[in-house]
Each structure stands twice: as C-alpha cells, then as structure tokens.
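Below is one structure, written out as structure tokens; comments come after it.
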Amino acid sequence: MTLATVSLLDRAGLDRQAARRHLARGLEGADDGEIYLEYAQSEMLVFDNGRLKQATYNTDQGFGLRAVKDEAVGYAHSSDLSEAALARAAEAVRAVKGGYSGHYAEAPGHTNVRLYGDDNPLGAPSFEAKVRLLESIDSYARGRDTRVRQVSVSFGATWQLIEILRGEGEIYRDVRPLVRVNVSVVVGQGDRQEAGSHGYGGRESFSRFLAMDAWRSAADEAVRQALVNLEAVPAPAGEMDVILAPGWPGIMLHEAVGHGLEGDFNRKKTSAFAGLLGQRVASKGVTVVDDGTLAQRRGSLSIDDEGTPTGRTVLIEDGILVGYMQDRQNARLMGMRPTGNGRRQGYAHLPMPRMTNTYMLAGGHLPGEIMASVKNGIYAVNFGGGQVDITSGKYVFQVTEAYKIENGKLGQPLKGAMLIGNGPTDLNRIGMIGNDFELDPGIGTCGKNGQGVPVGVGQPTLRMDRITVGGTG
C-alpha cells in the first residue's frame with residue numbers, strides 16, 4: 001500500500017465516525033461545508049551563477065473545517081490532525097448558523113476521470129542526478145553565445161494529496177503532482193545587459209520535462225529572448241493596432257477578462273461584467289472557455305477543492321456572455337450550478353471561484369494574413385507583470401518581447417512597451433482571430449485575495465485595433 005492510496009484520516013489516526021460527528025456539530029444549521037484534509041510535499045532547487053544556490057524540501061499537512069450559511073462563512077484550520085483539533089474547529093465555525101436551521105446543500109457527484117497520475121515527482125531522478133542536470137543546463141546555456149553573462153536554472157515540484165469529507169458522509173480524494181522547470185539568462189554587450197527566460201511544466205513526473213531536448217529547447221529560447229532584447233530599440237507610444245502572439249499572451253485575457261467572469265465578483269456586482277449575461281461583450285467570433293479537464297495541464301484538476309468535478313465552461317460564445325465560473329457558495333446564491341471552479345491554495349485557505357485553464361478558441365485567419373493587415377503597430381510575443389482593476393476593467397501590461405510592425409512586415413525589436421486599456425472594451429476591438437491556437441507551456445500562477453494557484457492560459461494570434469501603447473521612445 002502506497003501513501004497515495006492511504007486515506008488521510010487513517011494516516012493521521014483519526015476515527016472516521018468521530019470526524020463525521022465533529023463535522024456534523026460544526027454544520028448544524030449551515031447550508032454547506034466540509035472538512036478539507038491535505039498532505040503535501042514540495043521541493044525547489046535553484047542553480048545560479050555556477051553553483052547550487054537553493055535546495056529546499058518541505059512537507060505540510062493539516063485540515064480546514066468550513067461552515068457556510070447564506071453569505072456567511074465560518075472557517076477554522078490547523079496543522080494538528082487530531083480529534084481535539086477537529087472538536088475545537090467545529091465549535092469555532094458554529095457561529096455562522098445564526099440560529100437558522102438551513103437545508104444542507106446536495107453533495108457533488110463523483111467522477112472516475114483521472115487527468116494525471118499518482119506518481120510523486122519528488123522521487124525521481126535522485127537529488128544528485130538533479131544537481132548534475134542543473135550543472136549541464138547551466139553549461140549548455142553559457143555555451144550558446146559568448147554574450148551570456150549569467151544563468152539561473154530551477155526545478156520545482158509538489159505532490160499534494162487532498163481528501164474532502166462532507167456532512168452527509170461523502171468522501172472525495174485527489175492526488176496532484178505538479179512540476180516546473182525554468183531557465184533565465186542575462187546577456188551583455190558593453191555596458192548594456194538584457195534578460196530572457198523560459199519555463200515549462202505540468203501535472204506529471206519530471207521524466208518528460210528533464211529530457212535533453214526539452215531543457216535544451218528552454219535554454220535556447222531563454223538565450224534567444226535575451227539576445228533579441230539586446231538589439232531592441234525604445235518602443236513608440238500612442239494608439240495603434242496590436243497583434244498578440246499565440247499561447248502565453250493569453251495571460252492578458254486571463255487577467256483583464258477572466259477574473260471579471262468569476263462568480264463572486266459578479267454576485268457582489270464588483271465586476272465590469274456584472275448583469276450582462278446574454279448580452280454582447282466582445283466581437284463576433286470571440287469564444288472564451290475555462291477548461292479544467294485538459295489532461296496533465298498545469299491548471300487542470302480532476303475535482304476542485306470542494307469535490308466538484310471540473311468541466312469545460314463556456315464563458316463568452318461568439319461574443320455573447322453566457323456563463324461565469326462558480327464555486328458552490330456563489331452558484332447557490334446566484335441560482336446557478338457549480339462549475340468545478342472552487343479552488344484554494346491549501347488547507348489554511350477558503351475556497352473561492354478561480355480559473356483553471358482559460359483560453360480563447362481559434363478563428364479562421366492565417367497568422368500571416370493578420371500580420372499583413374497591420375500598417376503601423378506592434379507585435380507582442382511575451383508578457384511580464386500586469387495590473388488590473390476588476391471593477392473598471394482597466395489594465396496595464398508589460399510586454400517583455402515585442403516588435404514594430406510596418407506595412408504588414410515585422411520590424412525592429414522593441415524595449416519598454418506597455419499595453420494600456422480596458423478589458424471589456426477591448427474585447428470589442430478584436431478585429432481578426434488566427435487559426436493557430438496554442439496553450440502556454442505550463443508556467444502560470446494566479447493570485448487572488450492573497451492565494452496563489454496554478455493555472456493555464458492560451459489563445460491564437462489576435463489583432464486588437466486601436467490599443468494604447470505606452471513606450472519609451
């Protein structure tokens with residue numbers, strides 16, 4: 001019997017009937033709730049400037065007990081997996097019942113779908129083999145060009161077991177592997193230095209990601225980006241057409257639009273999309289989905305952190321707003337169904353509506369056709385950080401790799417470009433949608449209310465008309 005097959009209740013030596021009794025005590029008069037148990041292992045190795053700079057290994061375990069009544073939530077958590085801790089948590093969350101004897105919400109349906117395996121990525125290869133591989137990647141990246149001055153390589157992995165116990169006795173389990181590899185380089189010529197990076201990962205073991213062709217490709221891409229930026233000229237400023245490359249630039253869709261389609265912001269009417277179901281919010285041809293069912297993808301989950309199976313939720317269909325991403329509480333309060341988007345960072349955090357893999361579907365235009373349609377504009381290939389106001393929809397994004405477009409042809413690389421706009425408004429400025437849909441390489445982490453969860457993004461090549469570009473030129 002392996003750790004992946006052992007119940008977390010049994011592993012902690014907790015009597016199941018006692019756990020159910022304390023849960024029932026905490027949920028008296030509540031509408032919904034559960035005990036969420038978690039056991040997690042994590043590892044991070046960082047090789048920087050020719051030496052092993054960081055090697056950390058951590059294990060964490062605990063539970064969170066939640067009681068939900070209408071809009072009120074009581075939550076207690078502890079790293080002590082004991083009956084006494086459960087009893088204290090049950091008493092703490094009882095305050096939310098408010099004297100009301102509620103009707104306990106129906107349990108989620110079970111699923112046999114498994115989107116990833118049980119393999120623990122921390123087990124293989126060995127620590128020594130990983131260090132030797134980090135050295136090899138460092139050496140390879142430095143040998144790509146004489147202008148490479150610094151190299152940083154990191155391997156990160158987590159292996160998480162979750163178990164959800166509901167008041168009516170239903171139990172839900174999931175075993176979640178997650179790995180990520182990242183290569184960053186700094187190149188220099190004279191007094192000028194520029195950086196480039198590339199990462200990739202997913203929900204599986206390290207074996208595929210540490211194959212030679214995979215890490216060499218990542219190192220090549222990091223060096224390529226840095227050398228492009230070394231030749232970049234200051235970006236122009238003003239209103240112009242912008243072409244977004246496929247794949248990772250979908251992070252702009254995630255931030256500027258996706259968060260505004262999460263159920264809590266719409267229930268509280270703090271989203272720019274609140275009250276717009278059934279109305280046109282984007283150009284014709286724009287279809288946006290959130291899909292947690294893509295096998296082995298970073299943002300995928302067999303079940304969410306409330307036990308609901310994930311699904312493929314259409315949010316915008318041919319420009320019309322048709323759905324929101326929902327957890328159980330917001331779905332119930334809005335008279336809708338949960339969509340499998342109830343997510344939490346860990347046992348010490350409350351679940352809330354969160355994205356999984358959010359992307360725009362392909363259109364019918366060739367990428368070359370889209371490029372040829374722009375007389376004066378910018379081609380945005382890679383994005384860094386950004387800021388978004390959910391209520392107004394306003395955003396600012398840093399473009400880390402961009403090129404000038406002149407008369408339908410790619411021109412000089414640009415440095416310092418920023419895209420400035422409004423998500424709901426700019427959905428209606430999408431003029432052409434490419435047929436070259438791509439998902440990102442598996443690097444996304446989404447922050448909301450202090451919680452970070454792994455996500456995926458994606459899109460085809462897009463032309464956005466009359467977007468404000470902030471530059472330095």
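No hydrogens, no waters, no symmetry mates; every other heavy atom, side chains included, goes into these values.
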Donor + acceptor pair across side chains of [X], [Y] (<3.5 Å):
X	Y	value
S154	R180	no
Y395	D389	no
D290	T313	no
T400	N382	no
D291	T356	no
E194	N229	no
R337	Q326	no
N182	S184	yes

How far does [atom1] of [X] sit from [atom2] of [Y], to the nearest 0.5 angstrom?
X	Y	atom1	atom2	value
L419	I378	CG	CD1	7.0 Å
H365	M371	NE2	CE	14.5 Å
Y116	R298	OH	CZ	13.0 Å
E317	I320	CD	CD1	9.0 Å
T308	D327	OG1	CG	8.5 Å
L8	I162	CG	CD1	9.0 Å

Write down the atom of [X], the atom of [Y], and the distance for their closest heavy-atom approach.
X	Y	answer
P246	T461	CD-OG1, 3.3 Å
M432	S373	SD-OG, 3.4 Å
V455	H254	CG2-CE1, 3.9 Å
A30	A67	CB-CB, 4.3 Å
V286	I316	O-CG2, 3.6 Å
T111	V113	OG1-N, 3.0 Å

With a 4.5 Å cut-off on side-chain heavy atoms, are [Y] and [X] touching?
X	Y	result
N376	I405	no
R203	R297	no
V68	R332	yes
L439	L294	yes
M252	Q459	no
W248	E438	no
V289	T358	no
D60	Y347	yes

State whether [X] and [Y] are salt-bridged, where the test is any N-O pair (Lys NZ or Arg NE/NH1/NH2 against Asp/Glu carboxylate O) under 4.0 Å.
X	Y	answer
D220	R144	yes
R343	D304	no
K375	E406	no
D32	R166	yes
D264	R354	no
R328	E306	no

Worksheet item: Does the cation-pi check pass for R344 over Y36, that is, NZ or CZ under 6.0 Å from the six-membered ring centre and within 45° of its axis?
Response: yes
Worksheet entry | K130 to F47 six-membered ring, cation-pi geometry met (6.0 Å, 45°) |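 The answer is no; the distance or angle limit is not met.
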Item to complete: Any pair with a residue in residues 269-321 that passes ring pair (Phe, Tyr, Trp, His ring centres under 6.0 Å), sequence neighbours left out, goes on the list, sorted by first then second residue, please.
Response: none
Worksheet item: So which pairs with a foot in residues 426-454 pass ring pair (Phe, Tyr, Trp, His ring centres under 6.0 Å), sequence neighbours left out?
Response: Y359-F437
Just by modelled atom types, is the [Y] backbone N or O under 3.5 Å from a matching donor or acceptor in the [X] side chain?
X	Y	value
Q41	W159	no
Y172	P108	yes
R429	R466	yes
R280	D318	yes
E401	V381	no
Q160	G346	no
E255	C446	no
D426	N422	yes
S152	D48	no
S271	N266	no

Item to complete: Walk me through it: do I243 and V374 pass the test side chain to side chain contact (heavy atoms under 4.5 Å, CB included)?
Response: CA-CA 8 Å; I243 295 178; V374 175; 3.7 Å; yes
Fill in: W215 ring center near F209 ring center (under 6.0 Å)
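W215 vs F209: aromatic centres not under 6.0 Å.
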Discussion item. Centroid separation under 6.0 Å, is that true for the rings of F63 and H77?
Written reply: no
Item to complete: Show your reasoning for whether side chain to side chain contact (heavy atoms under 4.5 Å, CB included) applies to I370 and I433.
Response: CA-CA 8 Å; I370 298 175; I433 304 173; over 6 Å; no
Worksheet item: Is it true that atom NZ of K394 has more than 12 heavy atoms of other residues, nucleotides or ligands lying nearer than 6.0 Å?
Response: no
Practice prompt. Return yes when atom CD of Q54 has more than 12 non-hydrogen atoms of other residues, nucleotides or ligands closer than 6.0 Å, and no otherwise.
Written response: yes
Worksheet item: Should L253 and V288 be marked as a side chain to side chain contact (heavy atoms under 4.5 Å, CB included) after you check the CA-CA gap, both sets of side-chain angles, and the distance that decides it?
Response: CA-CA 9 Å; L253 175 74; V288 178; 4.1 Å; yes
Practice prompt. Given side chain to side chain contact (heavy atoms under 4.5 Å, CB included), test M352 with N449 step by step and report yes or no.
Written response: CA-CA 9 Å; M352 66 182 86; N449 292 353; 3.8 Å; yes
